[in-house]
Amino acid sequence: MPKLILPDGSRVELPEGEPVGGALEPGAIAARVDGELRDLSFVPEADVEVEPVEAGSDDGLHVLRHSTAHVMAQAVCDLFPGTMYAIGPAVQDGFYYDLQLPRPVSSDDLLDIEVRMREIVAADQPFVREEVERSEALQRLAGQDFKREIIEQLGEQEGEVASGDTVTLYRNSEWVDLCLGPHVPSTARLGTFKLTSLAGAYWRGDEKRPQLTRIYGTAWATQEDLDDYLHRLEEAERRDHRKLGRQLDLFSNPEELGPGLWVWHPRGGIFRKELEDYVRNLHLDRGYDLVVTPHIARSVLWETSGHLAKFAENMYPPMHDEQGDYYVKPMNCPFHVLIYKSQTRSYRDLPMRLSELGTIYRHERLGTLHGLLRIRGGTQDDSHIICTPDQLVEEILKVFDLTLEIHSTFGFGDPVVNLSTLPGQTIVDEAMAARATEALTNALDRSGLAYTVAEGEGAFYGPKVDFHFKDAIGRLWQLTTVQCDFALPERFDMEYTGEDNQRHRPVMVHRAILGTLERFSAVLIEHYAGAFPLWLSPEQIRFVPVADRHLEHCEQLAARARETGLRPFVDASKESVGKKIRAAQLMKAPYTLVVGDRDIEAGTYTVRDRDGNETPGLVFDDVVAALAEEARSRRLEQTRFGS
RNA sequence: GCCGGCGUGGCGCAGCCCGGUAGCGCAAGCGAUUUGUAAUCGCUAGGUCGUCGGUUCGAAUCCGACCGCCGGCUCCA
């Protein structure tokens, strides 16, 4: 009689031929048996370690979602006879199933599918696992072309496996799917779910193969978890930079410009200026030089750099004149190389750190564009550090330091760091690639940062280190990238004269700490939900006159605020006080002063902050001094007056 | 580029299924009110219904193509 060893160390005897579920019900929906996820119906043959898998755990949600995907496909097959089903995995927060339907479906159909799914849940159909021979599986899944392909390929991959090998089917009621499992014991054990969206997806992700309809859903152990998830979606929507950008009058993308191209309005312009001044000045402090380069260059530059060979599909088509072809720049690096090459360089000149807020254009595919996060024209905080091989690791470490300093200013905490090695398609030979990767690895190890390695994800000219930062609601954004490049120095024949009076090849580090300012701005807007820290806020202190006769006094206060470098705004509209305060709140004005007879008589004022806190009896000069200090120090929290 | 959805005054939306030459709220302008911490009242103006073409006596509405946006796929920073 096999024994079950439970996580608490206790042992339970299991009658011969009985499934593990008996010992784990009713809490569990699956089991981990000797480390493997199994159905509750799994029958052990010897003593095993068993852990119950509950619906709310990571494992449990995975099983739950996968089972929900099955039931959805089953429901679709019921409603649309002739449906072919492909694959239906659990994903982050939910699941999907890729289907080929006999007719196009729309989001209205999702409701019908949900209704049918609930019927299947109510029917309490057991998920039955069957191990059958491949030939039988093919028979049982006759007409299911995608499944047939998977079954046939299973055989291929395993090479010499004899024809007697078996595959696993899961069946509930009459509906059968090829699947490894495990699943919940019965459809009644599904949690709460909701179908969310429709999308197209290629069979096996291959553009040349049939396009299937992907139906997405979300599934959770309890109604409460589903509600939490829906709230998180709402929260993300509330922070959507496209919506806030319009509400706060920061930027827009009129259709006449073209997709992925944006104009910044006056309010957005101030925000951009503050951002740009901050990074530019900080770079000067850290030994960077500022350079300026044009937006287009002759094709020969891009031939030398390798962009036309490896990056052409992301470049706008060339324009011509009598001198030949010109390309709009997708990167700044070749220009910085030319600046380096404008003189003979010596080791005494190195490291050279050339920095530019360089505007680049990339012909990104239409479907990938997304607000300011994914654009066709944007400005990078782009720098190229040209140094000797000996200086390389030290320079990379300095970049890491600057990265952490800058991001902490915005309130981003510990980064998630990735080292991406070279992709297959490169312009770099293996020896160079190895040196570049080694330098990055060395720097990472010395920095003490934890990192993971992503093979083949690097740029075409070199491996890179990426920094991802977590925003206020826990989403990770890739912001910083540091790339190590031995290839461009070679291609452009860059040199310096060493201490030994010989010519040497320098090394180049490409790095953007914010990435593109557009993308970074979008991330900041979502991170702050539009409520910028004072230093970035387009307006900093808003004056609301109670009646017209207080307008002039407001103007005087505004002038005093302006003298200390603050950005005041006077609401001169002929609206009620309530309406003007509401307007201030909607524009996320950091501080609002309502000014009337009482204040003018007393010579003190009431400050309202963005959270609606009011502090009366404040001396104006004190308020202005406190705010000037808040902005100067780039503090993230609002000043609490009166405490 | 592909699949699905959407495109109506500056913004958010209704009307479209069942064709009969547009409606609401906010914003704007004007007037009244002069107001004390998230919406005072009234009036006015503003739209070739994304573009082009087709069907029809008649198209915001039906059909087609194109443009753009959104959600995915794909690609990638």
Side-chain angles (χ1 to χ4, degrees), chain A residues 91 96 98-101 104-110 196-216 237 240 242-243 246-247 249 252-261 311 313-314 330-331 360 362-371 373-376 378 380 382 420 423 425 457-460 464 466 477-481 483 510 512 515-516 518-519 542 544-551 573-587 589 592-599 605-616:
Chain A
V91 293
Y96 67 79
D98 283 346
L99 307 150
Q100 191 168 69
L101 291 143
V105 292
S106 73
S107 39
D108 296 338
D109 295 312
L110 296 186
T196 50
S197 64
L198 280 169
Y202 298 104
W203 171 230
R204 307 232 136 144
D206 184 344
E207 272 183 63
K208 292 177 195 71
R209 311 200 61 176
Q211 178 143 23
L212 309 175
T213 303
R214 175 170 297 180
I215 303 179
Y216 280 94
E237 202 178 314
D240 191 313
R242 293 164 302 182
K243 200 174 146 197
R246 196 165 34 236
Q247 268 171 24
D249 195 14
S252 61
N253 69 140
E255 193 177 326
E256 294 89 326
L257 286 181
L261 302 170
F311 206 68
E313 59 181 57
N314 281 311
M331 293 189 194
I360 56 169
R362 295 186 183 178
H363 200 255
E364 299 290 352
R365 294 170 79 166
L366 280 170
T368 67
L369 301 176
H370 180 88
L373 283 170
R374 206 71 177 189
I375 53 186
R376 281 185 164 175
Q380 285 183 321
D382 201 7
S420 302
Q425 285 260 310
E457 297 288 312
F460 70 81
K464 62 178 184 177
D466 296 320
W477 302 94
Q478 187 203 306
L479 299 175
T480 299
T481 155
Q483 298 164 355
H510 306 238
T516 70
E518 284 77 5
R519 176 179 155 81
R542 183 179 282 226
V544 172
V546 170
D548 288 350
R549 63 179 180 281
H550 309 118
L551 186 56
S573 67
K574 291 175 68 181
E575 296 293 346
S576 67
V577 173
K579 184 92 167 253
K580 285 187 280 197
I581 287 164
R582 180 177 152 79
Q585 201 74 44
L586 289 175
M587 289 309 272
T592 302
L593 266 65
V594 177
V595 178
D597 293 332
R598 293 207 303 255
D599 311 278
Y605 301 86
T606 301
V607 173
R608 178 193 171 93
D609 70 19
R610 202 152 38 196
D611 297 324
N613 302 312
E614 290 166 42
T615 315

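Given the structure is predicted, the values throughout are model-derived calculations rather than measurements.
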Nearest to the [X] side chain among [options], which nucleotide is it?
X: Lys579(A); options: U35(B), U40(B), A38(B); value: U40(B)
X: Glu255(A); options: C11(B), C75(B), G68(B); value: G68(B)
X: Asn253(A); options: A27(B), C69(B), C75(B); value: C69(B)
X: Tyr202(A); options: C73(B), U37(B), G68(B); value: C73(B)
X: His370(A); options: G36(B), G71(B), G68(B); value: G71(B)
X: Ala201(A); options: A38(B), A77(B), C73(B); value: C73(B)

Whole-angstrom distance between [N] and [M], as gauged at atom [atom1]:
N: C67(B); M: C52(B); atom1: C1'; result: 10 Å
N: G9(B); M: U61(B); atom1: P; result: 14 Å
N: A14(B); M: C3(B); atom1: C1'; result: 29 Å
N: G46(B); M: G29(B); atom1: P; result: 16 Å
N: G50(B); M: U8(B); atom1: C1'; result: 10 Å

query: Would you say the side chains of Asp382(A) and His510(A) form a donor-acceptor pair under 3.5 Å?
result: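 Side-chain D/A pair, Asp382(A) to His510(A): absent.
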- request: Verify the distance criterion only: is there a donor paired with an acceptor across the side chains of Arg608(A) and Gln585(A) at less than 3.5 Å?
  value: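 Short answer, yes.
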Heavy atoms only, 4.0 Å cut-off, all strands: where does [X] land among base, sugar-phosphate and nothing?
X: Ile375(A); value: base
X: Thr606(A); value: base
X: Arg549(A); value: sugar-phosphate
X: Asp599(A); value: base
X: Arg519(A); value: nothing
X: Asp597(A); value: base
X: Val546(A); value: base

Hey, does the side chain of [X] come within less than 4.0 Å of [N]'s phosphate (OP1/OP2), counting only N and O?
X: Arg214(A); N: G71(B); value: no
X: Tyr216(A); N: C73(B); value: yes
X: Lys574(A); N: A28(B); value: no
X: Arg608(A); N: A38(B); value: yes
X: Ser576(A); N: U40(B); value: yes
X: Arg242(A); N: G71(B); value: yes

Whichever of Leu212(A) and Thr481(A) has its nearest RNA chain B nucleotide further upstream toward 5':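 Of the two residues, Leu212(A) wins.
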First of Ala547(A) and Glu313(A) reached from the 5' end of RNA chain B, by closest nucleotide: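 Looking at RNA chain B, the more 5' nearest nucleotide goes with Ala547(A).
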May I ask which nucleotide in the shown strands pairs with [N], Watson-Crick or G-U wobble, both distances under 3.5 Å?
N: U51(B); result: A65(B)
N: G1(B); result: C73(B)
N: U56(B); result: none

Whole angstrom is fine here: how far is it from [atom1] in [X] over to [atom2] in [N]?
X: Glu237(A); N: G71(B); atom1: CD; atom2: C1'; answer: 12 Å
X: Leu586(A); N: A39(B); atom1: CG; atom2: P; answer: 10 Å
X: Glu364(A); N: A77(B); atom1: CD; atom2: P; answer: 9 Å

query: His363(A) versus Pro330(A): any side-chain heavy-atom pair under 4.5 Å?
result: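 No, side chains not in contact.
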- request: Give a yes or no on whether the backbone of Asn613(A) and the side-chain of Asp611(A) come within a donor-acceptor separation of less than 3.5 Å.
  value: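 Judged by distance alone, no pair lies under 3.5 Å.
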